[in-house]
Structure formats: C-alpha cells, structure tokens
Amino acid sequence: MKLTWAGLLALAGTALSHAYHDHDEIPEHVRDELLKKWDQEWAFSGISSFAHLTPVKCLVDPNQRYDIAIVGAPFDTAVTYRPGARFGPRAIRAASARQMPGAAYNVRAGINPYSSWATVKDCGDIPITPFDNGLAERQMYEAFLELGTRPAVTPSTSKQGTKGISAGKAKLVTLGGDHSVALPALRALYQIYQKPITVLHFDAHLDTWNPVRYSAYWQSEQSAFNHGSFFHKASREGLVCNLTSAHAGLRTRLTGVDDGDYANPGPEQGFMRIHADDIDELGGPMGVVDAIIKRIGLDAEQPVYLSVDIDVLDPATAPGTGTPEPGGWTTRELIRILRGLEKLNVVGADIVEVSPSYDNNAETTALAAAQVAYEIITSMVKAGAGEDLGGWYGRKESLTAKEEAPEPGWLNVKQELIAPPGPSKFQMRYQNEN
Ligand SMILES: *[C@@H]1O[C@H](CO)[C@@H](O)[C@H](O)[C@H]1NC(C)=O
C-alpha cells in the first residue's frame, strides 16, 4: 500500500483525536479552550515581527489596509563605510520583542499605540535587489508609493485619525537599510502630497553632500545615489521644503580648510543646523525641541518627514552603525527630544543605518532603534486620537486636583512651543531656587 503523508496524518487523526473532519464541525468550546490555553506569546517567543504584530506581506495583498505600516527596507549597497544595514530590519524587529501590544501603554503619552484607534501593521520587507542600485531605487519608490497610497483604515471623516493634509492617508514607518532609502521615500511622499516635504533629520552627518565630495573625476548619475548625497539629490529634485527643514545632532567633519561647506549656497542651506553640542547651549533636550518646533511649526497642512539615522546617538549607546562619530546624544536625550515633538505633523518616518554586525551582544543599537520606532508610532497615534489625552508629560488639568497639579508641562503651554530657545522653565526654576 502506498501511504502519503496526508494519508498517514488522516489515519493518525482518526485514531488519536476526535476526528473532526473539517472546520465547521469543531465545537465552539474546543476552540475557546485552545485559545485560552495557547493564545499567548512571551516577549521571547513567536515569529519575529515588529512588536509581535501579525506580519503581513502588504505589497502582494492589496486588501491589506492600515493607518500606520511598518515596512523594512533591507538595503545597504550605497554606503561609504561600514556595510551591513540590510540586516537592520531583522535586528530592529528582534529588539522590539519586549513591545507586547497588550502591554505597550506609553506612560508619557497616555496611549497604547497598538491598541488605540489606529490599525498598525508590520508589512514585512521590500525585496530590494542588492545587485543594481538604480533598480533598487525604483523598487523602493514603487513600494513606498504602493503602500502609501492605500486608503487608511480610519477615514478622513472619522473623529479619530490624522487631521489636516494627511487625513485619511496611511503613514509609513521604514526600518532601514542605509540612509539612502529616504530618497525614494521622499519621492513617494512628494507624489502623494504634491508639495515639497519638510524634513526633520536626526544624524551626525549632513547627508546633503554634493556627490563631487566623494570623487570629482569618477562620476556617474548612479554614483550620486549614496547614503551621503541623497538629500542633495532630493533637494535638487525640489522634494525638500527649504524653509522649514532641519538637521539635528550634527558633528560631522567638513571638506577643505574652513566652514565653506556651511557657507556655500546649495541644498545644505535649506536645512537649519543643530549640532550635537548645541544641546548644552539650548539648555537640554527641551531647548532642542523648542528650536525644532520654532523652525518647522505645527502646521497641519505641511507634511513632515522624520528621518532618524541611529548614528545621531553616541557610539557608546549605538555602536552598530555605518559611520559612527563619537560625541553624540544619549539614547535618553534622543528619546526625550522625540517625545517632545509629538505635535509635529509627521506623515512618514524612517529609522536607518542599524548595522547589526557592529552591534554588541546586548543589541544596544537595535534596542535604541526599536524604541525610537515605538516613540514615533506613539506620537503618530496620539496626534490622531481626537481628544486631549494628556499623558504623564502633558497631564490634563481635569485629571489632577488643582492643589496637587504639577507645573504645567512644557508640552501643553502653547507659548513655550513657539518661544525662541532659551533657558527652560525647569532651568529658571532651578536658578531661582539657588
Ligand atoms: C531648494 O534649494 C535648492 C538649492 O538651491 C533648489 O535646487 C531647490 O529647487 C529648492 N527647493 C524648493 C522646493 O524650492
């Protein structure tokens, strides 16, 4: 007798179980029992997806809808120094394992981003070719456009969901990949919003380099697509709003013998520059937040792209990256700054340049990147919550009795958001007390 596997399984089924032949016969209580017993995941169990969200291949399934899509861009053939960021999405997903959706309430924001109004999905990776960067650019652009033009689950007419120019539109959070993935992302956003995008760029480096910096003689059109020149290209293509964009966390070396790179006209000038050291002059993370908001504004009609190169952090806290520069911000400082930016009109974001082979056993870099993604997603969800949630940093008056109310957090004091950077409230109080 010829026995197939299916045959064997069927035999085993008859002998050992209750012989349910198809789906419908299985009684409800049996299903309930199974769910009660096994529908649980530990932080360390399960197939690795971002924050244990059910992974879906959104690119091949047009029925997949979301308000926020997390998408991997495993691409690293445009780097100038250490490669390896193609493994970034995997590492960040693995490092996000302690973000259990049921236990991901963000105390500072007053919201659990995974169980609020927004449908958040891990849409898997874009299968990007490692053989041809021109083709890779196109694949990423088309994938971002495909995912970014699907109508959001939450319609623009809903009380919840994003307001203003991105109402009813899905938002993408890209896990890089080297930083050049931001160029196709900006091209797609330009298509979607039909206007130049404000770029808020956290990085040790400018990434607005004219490609001649790398070689004046050996040039091709394709060589301009690299992880140091993509903002130059983006600016020249008119994708970047020159009046509202900003770099934050800079500490790069320039070319030549003076500040020429900063003084020369060019796309570099379209960005306000905040250096890593400025955090001290500005009075800490809050001062950085104020300076950024003053530059970018809180305009619901102006889309903002938030691009976080993990090398904005000091190599002590994020060693696993393509072009490390000592003297960067700490993880706490970066997270505090990002939390302070929750009211920006962020329509898309990336976390890039995580190169796990240079990370350590404790996954320090990938953990930081996963936390950055969590904070960005939290802020996106909070922005569309349709009510003033308060949250620990911006507690509502009504939630706290007057007499025990803390000083109003800087977040809910409007004037402070637009005031020029100066000593923070906290600092002034500290000075007065001394
Ligand atoms: C921004 O500035 C660059 C360089 O001057 C220019 O090429 C580009 O067109 C400008 N972008 C917009 C949107 O005006």
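For ligands, and for the atoms within them, numbers begin at 1 and follow the listed sequence.
Checking Asp203 against His179 by side-chain atom types alone, a donor-acceptor pair falls below 3.5 Å.
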Quiz item: Can you list the steps and then say if Tyr262 with His275 is a ring pair (Phe, Tyr, Trp, His ring centres under 6.0 Å)?
Solution: CA-CA 12 Å; Tyr262 279 176; His275 292 87; 5.6 Å; yes
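The nearest protein atom to atom 10 (C) of ligand 1, hydrogens excluded, is given as Asn242 ND2, 2.4 Å; this is a heavy-atom distance.
Salt bridge annotation for Asp125-Arg93: present, with a cationic side-chain nitrogen under 4.0 angstrom from a carboxylate oxygen.
Residues that satisfy the side chain to side chain donor-acceptor pair (under 3.5 Å) test with Asp314, not counting sequence neighbours, are absent from this structure.
The option with the heavy atom closest to atom 13 (C) of ligand 1, from among Ile197, Leu243, Val240, is Val240. Distances from atom 8 (C) of ligand 1 to the heavy atoms of Pro196, Ala234, Ser235, Gly238 put Ser235 nearest.
The protein reaches atom 2 (O) of ligand 1 closely, with a heavy atom under 4.0 angstrom from it.
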